[in-house]
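The structure appears below as structure tokens.
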There are 2 protein chains.
Amino acid sequence: MFGEMANQFDQFVGITKALSDPTRVRMLLALRRRELCVCQITALFGLATSTVSKHLSVLQQAGLVQSRKTERWVYYRLSDKSAPVTVREALDWVSKSLARTDVAAADQKRLGQILKMEPSEICRRVCR
Amino acid sequence: MFGEMANQFDQFVGITKALSDPTRVRMLLALRRRELCVCQITALFGLATSTVSKHLSVLQQAGLVQSRKTERWVYYRLSDKSAPVTVREALDWVSKSLARTDVAAADQKRLGQILKMEPSEICRRVCR
DNA sequence: TCGCCATTTCGCCAAACATCGAAATGACTC
DNA sequence: GAGTCATTTCGATGTTTGGCGAAATGGCGA
């Protein structure tokens, strides 16, 4: 609400700060495939749920991802075409630069395994 | 100089880390105008010389700028077309997103004043 | 060789950050 | 309305980072 007052420069640095952590960049690459709920992302990266939630919050604050809540789960997805130009260019730059890297491929492979399970099953395994 | 064996992913995060500090982004915007020596950049931002040197080192490590030494001074400039694609796209993204912002305009205005002086004169004023 | 001087490196401090586990939140179910 | 469960927020901790001043570096001219 107050955060909306940031100027173009601060918005830009918010984006670059969000992109400056390797885990957050990997999250964006994973979300290229489809929207994911927090427990799926937690399973993918093997971090504490609170850590994953915090990372996603940073990405959302920067405008790079959006979220929707359904039943018990919160799903995050990459921001769509309604996002500011700078955000879209950032996402394009990430994809273009890293989509074909080993890191992205390995994450996608593990994500494939995770997507075979129902979110509820993942959470039974992962969340506490 | 660029002899690091980091993979594409690490190179990318190196770039985003370099871009995650507002001072470093402003330095890149200033260098769009022309190459600048350390003492000119120091005068422009009013920071300690050692701090400026460190920032420029981070930008150079990421491949975003290059340097040349002439007489007493080290000049830094934006990396040219021989730089990796990811670097060029990063620089383009910075320019496209921020070249017309108030911050960039104010820095350019002050830079105009600084460029009226000889580097040696600036150093006599600024260094120490 | 010696000293000068712009720059870099080093040592230190304070602020910011990634991470975790625990507690709080909030939505759905019974 | 109470309990359950995914997520968020909080609090603590170790690490990273930006900043400075002082010391080291390295090129140049005397």
Side-chain angles (χ1 to χ4, degrees), chain A residues 10 13-14 16-27 35-62 65-77 114 117-128, chain B residues 1 10 13-27 35-62 65-77 114 117-128:
Chain A
D10 292 333
V13 175
T16 56
K17 274 191 197 300
L19 296 180
S20 71
D21 180 86
T23 301
R24 287 195 290 265
V25 174
R26 289 168 65 196
M27 287 177 177
E35 68 173 10
L36 297 170
C37 83
V38 178
C39 65
Q40 291 173 317
I41 300 172
T42 300
L44 179 57
F45 294 111
L47 294 168
T49 310
S50 60
T51 303
V52 170
S53 178
K54 175 63 176 157
H55 279 312
L56 289 167
S57 160
V58 171
L59 290 170
Q60 187 166 41
Q61 199 72 19
V65 304
Q66 300 176 313
S67 66
R68 71 182 175 90
K69 193 161 194 169
T70 300
E71 301 182 14
R72 292 186 182 83
W73 303 291
V74 178
Y75 283 87
Y76 284 86
R77 64 185 181 282
I114 290 165
M117 299 188 276
E118 285 296 313
S120 59
E121 182 186 353
I122 295 165
C123 282
R124 234 172 279 133
R125 292 174 178 232
V126 172
C127 302
R128 192 138 356 255
Chain B
M1 187 179 290
D10 292 334
V13 174
I15 292 170
T16 56
K17 275 190 195 300
L19 296 179
S20 71
D21 180 85
T23 302
R24 286 195 290 264
V25 173
R26 288 168 66 196
M27 287 177 176
E35 67 173 11
L36 298 169
C37 83
V38 177
C39 66
Q40 290 171 318
I41 300 172
T42 300
L44 179 56
F45 294 110
L47 294 169
T49 309
S50 58
T51 303
V52 171
S53 178
K54 176 65 176 151
H55 279 312
L56 290 167
S57 161
V58 171
L59 290 171
Q60 188 166 40
Q61 198 73 19
V65 304
Q66 300 175 312
S67 65
R68 72 181 175 89
K69 193 160 194 172
T70 300
E71 299 181 15
R72 294 186 182 82
W73 304 290
V74 177
Y75 284 87
Y76 284 86
R77 63 185 182 283
I114 290 166
M117 299 188 274
E118 286 294 314
S120 60
E121 183 185 353
I122 294 166
C123 283
R124 235 173 279 134
R125 292 175 178 231
V126 170
C127 302
R128 185 161 352 272

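Heavy-atom basis, side chains included; hydrogens, waters and symmetry copies ignored. Each chain gets a letter, A, B and so on, in the order the sequences are listed, and its residues count up from 1.
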Could you state the atom-to-atom distance from CZ of A:R26 to P of C:dA18 in whole Å?
-> 15 Å
Is the backbone of A:T16 close enough, under 3.5 Å, to the side chain of B:S20 for a donor and an acceptor to pair up by distance?
-> no
N/O donor-acceptor pair under 3.5 Å between A:K69 side chain and A:V74 backbone = no
Mind calculating the distance between CD (B:Q60) and P (C:dT7) to the nearest angstrom?
-> 14 Å
Report the residue (A:T23 or B:R72) whose heavy-atom-nearest nucleotide on DNA chain C is the more 5′ of the two.
-> B:R72
Which comes earlier along DNA chain C counting from the 5' end, the contact point of A:K69 or that of A:G46, where each point is its nearest nucleotide?
-> A:G46
When all nucleic acid strands are considered with a 4.0 Å heavy-atom cut-off, which category describes A:Y76: base, sugar-phosphate, or nothing?
-> sugar-phosphate
Starting at atom CG of A:L56, determine the distance to atom C1' of D:dT7, rounded to an integer number of angstrom.
-> 10 Å
A:S50 (side chain) and C:dG21 (base): donor-acceptor pair under 3.5 Å = yes
Give the rounded distance in Å between these two atoms: CZ of A:R24 and C1' of C:dC17.
-> 9 Å
Any side-chain N or O of B:S53 under 4.0 Å from OP1/OP2 of C:dT8?
-> yes
Hey, could you give me the OG/OH distance between A:S67 and A:Y75, rounded to the nearest 0.5 Å?
-> 13.0 Å
For C:dA18, take OP1 and OP2 only and decide whether either is under 4.0 Å from a side-chain N or O of A:T51.
-> no
Check whether any side-chain nitrogen or oxygen of B:H55 sits under 4.0 Å from OP1 or OP2 of D:dG19, and answer yes or no.
-> yes
Once you round it to whole Å, what is the distance between C1' of C:dT8 and CD1 of B:I41?
-> 14 Å
Distance, rounded to the nearest Å, where B:D21 contributes CG and C:dC17 contributes C1' | 14 Å
Protein-nucleotide distance (A:K17, atom NZ; D:dT16, atom C1'), rounded to Å = 12 Å
Rounded to whole Å, CZ of A:R68 lies from P of D:dA6 at a distance of 17 Å
Where the side chain of B:V38 is concerned, which of D:dC20, C:dT7, D:dT7 is the nearest nucleotide?
-> C:dT7
Any sub-3.5 Å donor-acceptor pair from A:R24's side-chain atoms to A:H55's backbone N or O?
-> no
Within the distance-only criterion (no hydrogens, no angle test), does the side chain of A:S57 pair as donor or acceptor with the backbone N or O of A:S53 below 3.5 angstrom?
-> no
Mapping B:A48 and A:K54 onto DNA chain D by nearest heavy atom, which one lands closer to the 5' end?
-> A:K54
